[in-house]
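To start, the structure itself, in structure tokens.
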Amino acid sequence: MTTIIDGKELAKKIRGNLKIECEELKNKGIKSKLAVIMVGEDPASKVYVRNKSKACENVGIEYEEHLLNDKITQKDLINLIEKLNKDKTVNGILLQSPIPSNLDINEAFRKISPEKDVDGFNPVNVGKLVLNQDTFVSCTPYGIMKMFEEYNIDLAGKNVVILGRSNIVGKPLIHCCLNRNATVTTCHSKTQNIKEISSRADILISAIGKAHFVTEDMVKENAVVIDVGINRLEDGKITGDVDYENVKEKASYITPVPGGVGPMTIAMLMNNVIKATKRQNGMID
């Protein structure tokens, strides 16, 4: 019997708990605020930013938006980040990606204060994740880890195969899983025999952005299948990397798209903002 991992319901539960925490902070005179920077007019980014704004409103986190023209210079972008770093009313800073190719996103991530880096992309926080130290973890991998916890899926000793090696999902996921004592294999565009490797996975995580790439013959019987992909089909429908209808008959656990990993990403962003607020007010060692 396959268990469908309900990311939407779990995210709702997490946001509910965070709303209580946010109220408790307010009762102590502490407000929590997220500042989001978006450069350009990327349509998908607009949707993501709008969803983050709604989530902040739902939890009780103040929201500040900086919409920048795509002609902005690197210097002006860095100046804004440094201004937000110094602003004591701002607890978390998020730079929405992608940004125009003429700008250096890695330099921008380096400039965001590690204490306010709620997206987990500053090299200091990435390094802490590698060393298995308490830090801000990139929100999508963090959400996946929370799913494993909620559904009592133990990673210790399991063969985990991750399809994709992006800085946002694939690479942080490697260390999240290693820190849970999994044996991790990463596949990417240069990997040979992906089907052979994936079919040995106890836990298969796909984050490559190719609709229905993961077929039934790539999945081990009773494997846990986590689909991070969000792909738009010609008819406008959203689908994942996994051939869901066929694979779900073989999996022990599986995430749907939509309604799986996506809602968890924003929930964990809210979690990181509350965590940053507590840290900055001396409430977390």
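These numbers come from the heavy atoms of this one structure, side chains and all, not from hydrogens, waters or symmetry mates.
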Original post:
So, do Ser45 and Pro98 sit near enough that their side-chain heavy atoms are less than 4.5 Å apart?
Top reply: yes
Subject >> Residue list, salt bridge (Lys or Arg N to Asp or Glu O under 4.0 Å) with Lys210, at least two apart or on another chain >> reply: none
**OP:** Determine, step by step, whether Ser113 and Ile93 satisfy the side-chain contact (heavy atoms from CB on, under 4.5 Å) criterion, reporting the C-alpha distance in whole Å, the side-chain angles of both residues, the deciding distance to 0.1 Å, and the verdict.
**Re:** CA-CA 8 Å; Ser113 167; Ile93 302 170; 5.6 Å; no
Original post:
Taking side chain as C-beta onward, heavy atoms only, is Asp217 less than 4.5 Å from Ser199?
Top reply: no
Subject >> Qualifying residue, where the test is side chain to side chain donor-acceptor pair (under 3.5 Å) with Asn91 and the options are Glu115, Lys33, Gln280, Glu62 >> reply: Gln280
Original post:
Are any of the side-chain nitrogens in Lys13 or Asp6 under 4.0 Å away from the carboxylate oxygens of its partner?
Top reply: no
Original post:
Do Lys128 and Asp134 meet the salt-bridge criterion of a basic N to acidic O distance under 4.0 Å?
Top reply: no
**OP:** Please work out whether the ring planes of Phe121 and Phe109 are parallel, tilted or perpendicular, with thresholds of 30° and 60°.
**Re:** tilted
Original post:
Hey, quick one: are Ile162 and Tyr142 part of the same hydrophobic cluster, counting side-chain heavy atoms closer than 4.5 Å, chains of contacts allowed?
Top reply: yes
Original post:
Roughly how far, to the nearest 0.5 Å, is the NZ atom of Lys116 from the CG atom of Leu84?
Top reply: 7.0 Å
Original post:
Taking everything shown except Glu41 itself, do over 12 heavy atoms lie less than 6.0 Å from its CD?
Top reply: no
**OP:** State, with a plain yes or no, whether a side-chain heavy atom of Ser252 is found less than 4.5 Å away from one of Thr3.
**Re:** no
Original post:
Taking atom CE of Met218 and atom CD of Glu196, what is their separation to the nearest 0.5 Å?
Top reply: 11.5 Å
Original post:
Under 6.0 Å from the six-membered ring centre of Phe136 and within 45° of its axis: does the NZ or CZ of Arg279 meet both?
Top reply: yes
Subject >> Validation row: Val228, Ile144 side chains within 4.5 angstrom (heavy atoms) >> reply: yes
**OP:** Check salt bridge (Lys or Arg N to Asp or Glu O under 4.0 Å) between Glu149 and all other residues, then give those that pass, not counting sequence neighbours.
**Re:** Lys146, Arg180
Original post:
Just wondering, do Val219 and Leu204 contact through their side chains at under 4.5 Å, heavy atoms?
Top reply: yes
Would you give me the side-chain donor-acceptor pairs under 3.5 Å for residues 233-240, sequence neighbours excluded?
{"residue": "Asp235", "atom": "OD1", "partner": "Lys237", "partner atom": "N", "Å": "3.0"}
{"residue": "Thr239", "atom": "OG1", "partner": "His212", "partner atom": "NE2", "Å": "2.9"}

Original post:
Is there a path of hydrophobic side-chain contacts, each under 4.5 Å between heavy atoms of I, L, V, M, F, W or Y residues, that connects Ile254 with Tyr151?
Top reply: no
Subject >> Qualifying residue, where the test is side chain to side chain donor-acceptor pair (under 3.5 Å) with Asp117 and the options are Asn125, Asn272, Asn122, Thr135 >> reply: Asn125
Original post:
Do Cys139 and Asp119 have side chains that get closer than 4.5 Å, going by heavy atoms?
Top reply: yes
Original post:
Lys275 versus Lys278: any side-chain heavy-atom pair under 4.5 Å?
Top reply: no
